[in-house]
Amino acid sequence: MRKIIISLLGLTAPFYFAQQAGDVVNFEPKLDLTPQGVINFISTNLGEQNPPDFVSYLNGFNVGLKAYKITYYTKNENNMLVKATGLIMYPNVNYKISTVVSDHGTTDNRNNVPSNLKGTLTAGFVVELSYALNGYILMAPDYVGMGSGDGVHPYVHYPTEASATIDFVTAANKVLT
């Protein structure tokens with residue numbers, strides 16, 4: 001009986017310990033800013049996009065920010081496990097805050113994504129910043145094939161956009177705990 005149990009454990013262990021969608025590969029700090037550091041970040045990174053209303057709006061907050069790039073596992077359009085990236089960003093405050101999940105819009109480049117602290121079109125990174133500066137934890141996946149993730153992005157492929165979001169929230173919650 002003992003040999004059967006050991007054999008079964010030996011056969012099932014690789015499956016139990018195998019990587020799964022939502023598992024964290026790694027995470028790296030992207031921002032750790034004081035309130036003045038946030039103002040400097042905004043003026044340095046949004047000035048070229050010339051959105052003066054956004055800049056003055058975002059500079060009106062007096063809060064620091066922390067942000068991490070998370071690499072995690074999700075499944076691609078062929079149901080294969082691949083690495084994808086995303087951003088978690090939150091205000092540096094001492095009270096409980098709620099979470100917002102923000103999926104980015106169409107971008108012209110796999111590098112213009114939240115995990116690279118860049119955004120889409122002329123608004124740039126304003127949406128993501130405004131969530132965090134307004135007191136929310138921001139979870140923003142890059143999607144399959146975007147950022148420094150594996151593969152090619154299957155444009156407007158709803159199943160992978162949804163699963164990447166769900167898997168990123170799972171991974172981000174593991175980082176936060």
Side-chain angles (χ1 to χ4, degrees), residues 15-42 44-46 54 57-76 80-105 107 110-120 123-151 153 158-177:
F15 296 105
Y16 180 77
F17 293 108
Q19 298 298 326
Q20 300 176 24
D23 284 352
V24 176
V25 176
N26 65 19
F27 62 96
E28 61 185 88
K30 293 293 277 188
L31 295 176
D32 188 0
L33 302 175
T34 64
Q36 182 60 48
V38 171
I39 292 170
N40 295 341
F41 175 81
I42 291 168
T44 302
N45 292 288
L46 297 181
F54 290 140
Y57 167 73
L58 293 174
N59 280 337
F61 293 91
N62 187 27
V63 65
L65 286 179
K66 290 190 179 213
Y68 294 89
K69 177 180 182 177
I70 299 174
T71 303
Y72 66 102
Y73 286 106
T74 191
K75 292 193 175 179
N76 68 10
M80 301 292 294
L81 205 60
V82 294
K83 292 177 187 173
T85 53
L87 177 76
I88 184 168
M89 183 169 48
Y90 53 91
N92 195 7
V93 295
N94 292 327
Y95 51 85
K96 189 174 179 175
I97 52 180
S98 297
T99 301
V100 171
V101 179
S102 177
D103 291 335
H104 67 80
T107 183
R110 77 180 286 145
N111 295 315
N112 289 340
V113 292
S115 70
N116 291 329
L117 305 176
K118 296 182 180 175
T120 60
F125 196 61
V126 172
V127 173
E128 290 84 359
L129 275 172
S130 64
Y131 283 130
L133 291 174
N134 275 288
Y136 292 93
I137 298 169
L138 168 75
M139 294 182 183
D142 293 340
Y143 302 135
V144 172
M146 300 297 283
S148 54
D150 296 337
H153 177 56
Y158 303 121
T160 58
E161 289 178 10
S163 64
T165 301
I166 292 166
D167 295 337
F168 181 71
V169 169
T170 301
N173 279 321
K174 290 176 183 177
V175 170
L176 285 172
T177 56

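- Val144 and Lys75 make their closest contact through CG2-O, 3.8 Å (heavy atoms, listed as atom of the first residue, atom of the second, distance).
- Across Gln19 and Asp23, no two heavy atoms sit closer than the pair OE1-OD2, 3.4 Å.
- Taking each heavy atom of Phe41 and Leu129 in turn, the nearest pair found is CE2-CD1, 4.0 Å.
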What side-chain donor-acceptor pairs closer than 3.5 Å can you find for residues 66-73, not counting sequence neighbours?
unit_1	atom_1	unit_2	atom_2	d
Lys69	NZ	Ser148	OG	2.9
Thr71	OG1	Asn26	OD1	3.2
Tyr72	OH	Ala164	O	3.2

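- Leu176 CG to Ile137 CD1: the interatomic distance, rounded to the nearest 0.5 Å, is 5.5 Å.
- Atom OG of residue Ser130 and atom CG of residue Leu138 lie 9.0 Å apart, to the nearest 0.5 angstrom.
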Side-chain donor/acceptor pairs under 3.5 Å, residues 165-173, sequence neighbours excluded:
unit_1	atom_1	unit_2	atom_2	d
Thr165	OG1	Asp103	OD1	3.0
Thr165	OG1	Asp103	OD2	3.2
Thr165	OG1	Glu161	O	2.9
Asp167	OD2	Thr74	OG1	2.6
Thr170	OG1	Ile166	O	3.1
Asn173	ND2	Val169	O	3.1

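- For Val63 against Val38, the heavy-atom pair with the smallest separation is O-CG2, 3.3 Å.
- Minimum heavy-atom separation, Asn62 to Pro35: OD1-CB, 3.1 Å.
- Separating the CG atom in Asp142 from the OG1 atom in Thr85 is a distance of 3.5 Å, to the nearest 0.5 Å.
- To the nearest 0.5 Å, the span separating CD1 on Ile42 from CG on Leu65 amounts to 7.5 Å.
- When all heavy atoms of Glu128 and Met89 are compared, the closest pair comes out as O-CE, 3.5 Å.
- Here Thr99 contributes atom OG1 and Tyr90 contributes atom OH; the two are 11.5 Å apart, rounded to the nearest 0.5 Å.
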